[in-house]
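For reference, the structure discussed in these notes is given below.
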Amino acid sequence: MKKLMLSSLLVSLLAACGSQPTKEAAKAPEQKAPAAAAATKPVAVNPLNDPNNILSHRSVYYDFDKSIVKDEYKPMVKAHSEYLVGHASAKVQLQGNCDERGSREYNLALGQRRADSVKQLMEAAGVPAAQVSTVSYGSEKPRAAGHNEEAWAQNRRTDIVYQSE
């Protein structure tokens with residue numbers, strides 16, 4: 001008899017679990033996101049300042065006594081060119097730099113050739129000449145202090161500097 005009562009009890013419990021929800025439970029209000037969250041728009045990130053975007057990279061580095069843009073920097077220059085073509089009001093200054101070796105006059109001329117080489121790539125990609133200016137700082141604006149190859153390598157560069165509008 002105990003087994004029969006125990007079985008009946010189990011059957012009743014199982015039947016209760018499978019019953020239909022009450023009308024009140026079925027009519028429970030839907031949960032909505034708070035109004036503030038629904039109205040929030042994603043914040044637009046300026047691609048020039050996004051560290052994950054190629055446009056955040058703005059220096060082209062050179063081998064000793066060279067002014068030819070290496071293949072590894074061409075995609076970056078191309079990306080900046082595309083940005084400039086799409087943003088006609090944006091302007092850049094290309095700043096040519098050298099390491100400390102060489103005379104002042106030689107370094108100014110080399111820095112200018114470096115800035116001009118980046119400008120030529122940009123113009124070839126469709127950037128109007130009016131959006132790009134060049135200047136040479138020679139060895140006057142070193143990025144790295146030191147008198148060794150590691151420091152010199154960081155100083156042989158052209159910096160792409162966006163001008164404020």
Side-chain angles (χ1 to χ4, degrees), residues 25 27-165:
K27 292 182 181 179
E30 293 179 22
Q31 292 186 358
K32 295 182 180 178
T40 303
K41 295 181 182 176
V43 177
V45 176
N46 183 341
L48 297 173
N49 299 326
D50 179 359
N52 298 315
N53 193 307
I54 193 169
L55 294 174
S56 69
H57 302 281
R58 303 221 182 102
S59 294
V60 175
Y61 294 93
Y62 302 89
D63 290 329
F64 175 71
D65 201 29
K66 302 290 183 199
S67 60
I68 297 170
V69 176
K70 296 179 190 179
D71 289 341
E72 66 188 279
Y73 297 105
K74 288 180 180 178
M76 178 191 60
V77 173
K78 183 179 183 210
H80 283 284
S81 300
E82 290 170 355
Y83 180 85
L84 289 166
V85 167
H87 296 84
S89 64
K91 295 184 184 320
V92 293
Q93 183 180 62
L94 304 174
Q95 300 175 349
N97 296 274
C98 299
D99 61 37
E100 65 187 13
R101 299 172 290 177
S103 69
R104 182 178 188 282
E105 294 78 17
Y106 182 81
N107 284 342
L108 283 171
L110 180 57
Q112 189 63 48
R113 287 194 304 273
R114 288 175 174 168
D116 288 342
S117 70
V118 175
K119 182 177 183 176
Q120 288 170 355
L121 285 176
M122 288 182 161
E123 288 178 350
V127 178
Q131 282 183 266
V132 183
S133 64
T134 61
V135 65
S136 175
Y137 289 115
S139 60
E140 301 301 314
K141 286 190 163 188
R143 176 166 290 159
H147 308 287
N148 56 37
E149 184 55 40
E150 186 179 328
W152 294 330
Q154 291 182 53
N155 295 331
R156 297 188 302 255
R157 69 189 191 282
T158 295
D159 293 323
I160 302 170
V161 180
Y162 281 81
Q163 305 296 297
S164 57
E165 299 176 44

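Hydrogens, waters and symmetry mates are skipped; everything else that's a heavy atom, side chains included, is used. Remember, it's a predicted structure, so these values are computed and weren't measured experimentally.
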Please name the residue in the list R104, R114, R156 that meets the side-chain contact (heavy atoms from CB on, under 4.5 Å) test with C98.
R114

Against Q112, only a single residue in L110, D116, L108 fulfils side-chain contact (heavy atoms from CB on, under 4.5 Å); can you say which?
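It is D116; the other options fail the test.
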
If the condition is salt bridge (charged side-chain N to carboxylate O under 4.0 Å, His left out), which residues does E140 pass it with, not counting sequence neighbours?
none

Qualifying residues under salt bridge (charged side-chain N to carboxylate O under 4.0 Å, His left out), relative to K74, sequence neighbours excluded
D71

Please list every donor-acceptor pair under 3.5 Å in which a side-chain atom of residues 47-55 meets a protein atom from a residue at least two apart or in another chain.
unit_1, atom_1, unit_2, atom_2, d
D50, OD1, N52, N, 2.9
N53, OD1, L55, N, 2.9

Reported CG-to-OG distance for the pair N155 and S139, which is rounded to 0.5 angstrom:
8.5 Å

Gap separating the CG atom of N107 from the CD atom of E100, nearest 0.5 angstrom:
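N107 CG to E100 CD: 9.5 Å, rounded to 0.5 Å.
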
Beyond-backbone contact of [X] with [Y], side-chain heavy atoms, under 4.5 angstrom:
X	Y	value
Y162	R58	yes
Y83	V127	no
S133	Q163	no
V135	Q93	yes

Taking all atoms of both residues into account, what is the closest heavy-atom pair of A115 and G96, and its distance?
CB-N, 3.8 Å

Please give me the minimum heavy-atom distance between A129 and E123, naming the atom from each residue.
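For A129 versus E123, the nearest heavy atoms are CB-OE2, 3.1 Å.
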
Apply the test side chain to side chain donor-acceptor pair (under 3.5 Å) to residues R113 and Y62: give CA-CA distance (whole Å), side-chain angles for both, the deciding distance (0.1 Å), then the verdict.
CA-CA 11 Å; R113 287 194 304 273; Y62 302 89; over 6 Å; no

Any carboxylate oxygen within less than 4.0 angstrom of a Lys/Arg side-chain nitrogen, looking at D159 and K141?
no

Please determine whether a side-chain nitrogen of the Lys or Arg among R101 and D65 lies less than 4.0 Å from a carboxylate oxygen of the Asp or Glu.
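Not counted as a salt bridge, because no side-chain N and carboxylate O are separated by less than 4.0 Å.
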
For K70, I'd like to know if atom NZ has over 12 heavy atoms of other residues, nucleotides or ligands within 6.0 Å.
yes

Check whether more than 12 heavy atoms from other residues, nucleotides or ligands sit under 6.0 Å from atom CD of E150, and answer yes or no.
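Counting neighbours around CD of E150, 12 or fewer heavy atoms of other residues, nucleotides or ligands fall under 6.0 Å, so no.
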
In this structure, is the centre-to-centre distance between the rings of H80 and Y73 below 6.0 Å?
no

For the backbone of [Y] and the side chain of [X], can you confirm whether one donor and one acceptor N or O come within less than 3.5 Å of each other?
X	Y	value
Q131	L84	yes
T158	L94	no
D99	A151	no

